[in-house]
2 protein chains.
Amino acid sequence: MFSLVGTIMAKDPSRVLIFDTTLRDGEQSPGASLNLEEKLAIAQQLARLKVDVIEAGFPFSSSGDFNAVQRIADTIGTEDGPVICGLARAAEKDIKTCAEAVAPAIHRRIHTFIATSDIHLKHKLRKQRSDVLKIVNDMVAYARSFVDDIEFSCEDAGRSDPDFMYEVIQTAIEAGATTINVPDTVGYTTPAEFGDLISGINLNVPNIDKAIISVHGHNDLGLAVANFLEAIKNGARQLECTINGIGERAGNASLEELVMAMHVRRSYFNPFLGRTADSTQPLTNICTKEIYKTSRLVSNLTGMTVQPNKAIVGANAFAHESGIHQDGVLKNRLTYEIIDARTIGLADNRISLGKLSGRSAVRARLEELGYTLNQEDLNDAFSRFKELADRKREITDRDLEAIISEQVQQPEAFYTLKLVQVSCGSTLRPTATVTLQLADGTELTKASIGTGPVDAVYQALNHLAQVPNELVEFSVKSVTEGIDAMGEVTIRLRHQNVLYSGHAADTDIVVAAAQAFVNALNRLVAGSKSITLHPQKTEIL
Amino acid sequence: MFSLVGTIMAKDPSRVLIFDTTLRDGEQSPGASLNLEEKLAIAQQLARLKVDVIEAGFPFSSSGDFNAVQRIADTIGTEDGPVICGLARAAEKDIKTCAEAVAPAIHRRIHTFIATSDIHLKHKLRKQRSDVLKIVNDMVAYARSFVDDIEFSCEDAGRSDPDFMYEVIQTAIEAGATTINVPDTVGYTTPAEFGDLISGINLNVPNIDKAIISVHGHNDLGLAVANFLEAIKNGARQLECTINGIGERAGNASLEELVMAMHVRRSYFNPFLGRTADSTQPLTNICTKEIYKTSRLVSNLTGMTVQPNKAIVGANAFAHESGIHQDGVLKNRLTYEIIDARTIGLADNRISLGKLSGRSAVRARLEELGYTLNQEDLNDAFSRFKELADRKREITDRDLEAIISEQVQQPEAFYTLKLVQVSCGSTLRPTATVTLQLADGTELTKASIGTGPVDAVYQALNHLAQVPNELVEFSVKSVTEGIDAMGEVTIRLRHQNVLYSGHAADTDIVVAAAQAFVNALNRLVAGSKSITLHPQKTEIL
């Protein structure tokens, strides 16, 4: 019952499973760390997107990760929800902690891994090949004693001796692994090489028909998506990917590019999946209309911006649809056919509400957008909505989403921003006055001058908060078009070599900047407490 | 003498030519339009990067494009400079105008094109195949009457009947084409299909040995780079690409990803280029150390931001190098080997100057960075440097580059910002006072309230300038780390369905926002004058 995916796949080799690792590998992007509420909001949206598996975290790495995986398993891991997966090194403590974290999910998976390349064996693990085979056998069997759905990864597969890797995979499947994941850890493989790697596994591992082949990759040379598509042609049936392609360094393979490439080029991929070329059955389970919204949510909460020329979800990807050359495209649709923006839910930014809209209208539209709030959160959202409607004529769906993503971010309020006021200009010394409330209710006020209004605000906040930090990045984007649009500010602070991000939206970018800084300080205070409790996250896969 | 590239290539089929189309296809990104000075600055940097060919524009499309191509040909098209290329439809007027524009360059090329797919023939050209063959023959020969270096493109090659396309290519080569370009216009092709297309041309066009095969592609499904690398394996020897992958919709293939993939995976690509696998000869002429600087320059001037997880040039692409996990990587360099950041010139952001640095120190550092300024520009840069040094303790190379890119942007100053002052905050009505000087010297001042400080400034500026426009996008990024960093503001305005961008940097983001808006208004006024003079740019290739 618990290895549902494995069972489905054995019966339907013509479907490609989407394994989303935005919350595990994606969250490892420098400065992209998410708090519990944010992870939950993303997991909920991933469930709406209908991903098959959510890798929710690495439970043994920190108590924060453990809590997040457990909470997601409990909330999202319903009977018709996705498989909830946790990552664990091939060691008993890791696996046991992971099993506890995923336990509340109806469909749950443990994903365990060990390196199989000689270079890792020698420099990192300091083990012999025979040691690795024994660990794989024992640890997969141990994981299987908790759940029936086990994924095993050969770390650094691309640089492993193929014969040894085949032996490791065979051992893992014998010990009970139901999915075998093949990562291109360093992101250096070309499509033809990666296809050959997968085809080699298919041809040389005798019991490979008992498991699903999965792929994982990084985009250092811009080839992750192409590598995965070539892997599908050679028998892979699960893709490990992230929203917007976020992740370590240049990131992971991008979910939206993979899904849309298969969707648009169905007739090309169908025969590789054992279907007739003209089959119209979708190749994945993904609800493509949720792609754009998911992309924005992940970008807002992680602070990882999406460039305008990003495929599928960039602001220019469908520029023809945005009113500029609509006539031309309508006339020429056959000659310059592009993806219909509605397929990814792009055309849905309705101007839905205004100053006179009531609480029930706001609630109804939020529910249509997929957000179900409890009474307290709804009250909070409604008061933010009213504030915004006083300043902005038309409230669009994106404005509503900005309000919600703002709200999700405020759980550990050690500091509360009570007041900010600023004067600045080309001939003025930028001056800010700020009032900050501490956890015990004390209110402190400070005036500072700076090189600009944001600098003045941050000087004052730093003086009041007394938490050492460096500002590493500051960016602002408008939420929607129009001169009265809200600005979303994202910042990153560094404290003891760890990055903390803060995000806030307001029609006044100085107020948004102050709030984003306070949010980042709150995370820093919350984060630096737990940092020493568990081993630090290390780069994996 | 003028077909130098053709001659070199016939002798050295083991080198891949880089044809940069940032100034032609890249500039077609919505809102990325560049003025003459900006195009020249980018062309100068492309020459330092050592691209083989610069496609500088589409001379017949507008007088702005004509002037830019001619000026670049004159300034950059030196004996040891790159080939300067202009685009022209397969029509006499187009080709003649293009020939005039590229004439000042020592190495010059005309790039002409016509569609070869039935769908384009029927719906766009309304011509028979025999008509197309005659046009190709006549127009290539006509172009050849002006220059010896002719590139011919089969538009929509991917959807053309292969046999007809072979015939068109054979005709073009017979008529004098020295480079044959194969575009994947709609960005839908997969690597294996694109490789087959190139290999088919190599096998079926009898005189193909007399021309270089070039490729052009769009990134709608995230596959442009992989497609090009597969094309090289099948005989292509010229890649048409852009810095940061900018261009129509999801953009073109990214120059830096292509170059670095070939660089990093030399031993894989060498045999396809007829070399031994262990050859250490570079596969392209590109000076990789100029990559990062070129990326920043193009991003600043076009307003097209680069996402942190962009391969090669994203802020996180070398996150290990940025001080966060340096220890880990040093210990593990062998296990998690990534590209050395110095290869692309990333580690070179020296803190070079401060408040006490004199004019000669600034000039010397600018020259080391590759900027040679005349006396007037140097004076201007130095006074901006002094202003900045009063406010910011340490001036880094990126600050200097921001000063220069700022300066390049101010040629047509119809409006000049004389004063901006603002007060705002969580409990204040944001209020701005702005003084704008018109072309005739009149100074106008206006105070406005707004939903935030930027809105208040823009309300005031709009009141004074009286030019109808809509604000489409607003973004701010910090130039460097640190609390006193400069902020770079990029905005886009829409006027009569055309986008105009503005960019400015200042330590005060409200001042930068005001200046960016004025810069955009200046472009709008300059741009909307010329719009009606020439046919609008159409989507091509």
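To find a chain, count down the sequence lines: A is the first, B the second, and so on, and within it residues start at 1. Values below: all heavy atoms of this structure, side chains included; hydrogens, waters and symmetry mates excluded.
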Of all heavy-atom pairs linking A:Ile312 and B:Leu221, the shortest is CD1-CD2, 4.4 Å
Interatomic distance, OG1@A:Thr190 vs CG@B:Leu229, rounded to 0.5 Å, equals 8.0 Å
One should read off an interatomic distance between A:Glu230 CD and B:Glu230 CD, to the nearest 0.5 angstrom, of 7.5 Å
Note: B:Lys233 and A:Ala192 closest approach over all heavy atoms is NZ-CB, 3.4 Å
Okay, B:Asn244 and chain A: the region with an atom under 4.5 Å from a heavy atom over there is backbone
With chain A, the option among B:Glu256, B:Arg265, B:Glu257 that has the most non-hydrogen atom pairs under 4.5 Å is B:Arg265
Distance col, row B:Asn309:CG vs A:Lys310:NZ, nearest 0.5 angstrom, shows 8.0 Å
Counting heavy-atom pairs under 4.5 Å with chain A, the top scorer among B:Gly247, B:Gly245, B:Ala512, B:Ala456 is B:Gly245
Of all heavy-atom pairs linking A:Gly222 and B:Ala311, the shortest is N-CB, 3.8 Å
Taken to the nearest 0.5 Å, the spacing of A:Ile509 CD1 from B:Ile509 CD1 works out to 3.5 Å
Any donor-acceptor pair under 3.5 Å linking the side chain of A:Asn316 with the backbone of B:Gly251? no
Cut-off 4.5 Å, heavy atoms of chain B, and the answer for A:Val511 is side chain
A:Ser426 side chain vs B:Val420 backbone, donor-acceptor pair below 3.5 Å:
yes
Counting heavy-atom pairs under 4.5 angstrom with chain A, the leader among B:Val264, B:Val457, B:Leu258, B:Val510 is B:Val264
If you tally heavy-atom pairs under 4.5 Å between each of A:Val422, A:Val313, A:Leu417, A:Asn252 and chain B, the highest tally belongs to A:Val422
One option among B:Ala115, B:Ser475, B:Pro191 has the most heavy-atom pairs under 4.5 Å with chain A, and it is B:Ser475
Correct closest heavy-atom pair for A:Thr305 and B:Pro308 would be OG1-CD, 3.4 Å
Cut-off 4.5 Å, heavy atoms of chain B, and the answer for A:Leu223 is side chain
Looking only at A:Gly314, A:Pro430, A:Pro453, the option with the highest number of non-hydrogen pairs under 4.5 Å against chain B is A:Pro453
So CG of A:Leu419 and CG of B:Leu428: to nearest 0.5 Å the spacing works out to 7.5 Å
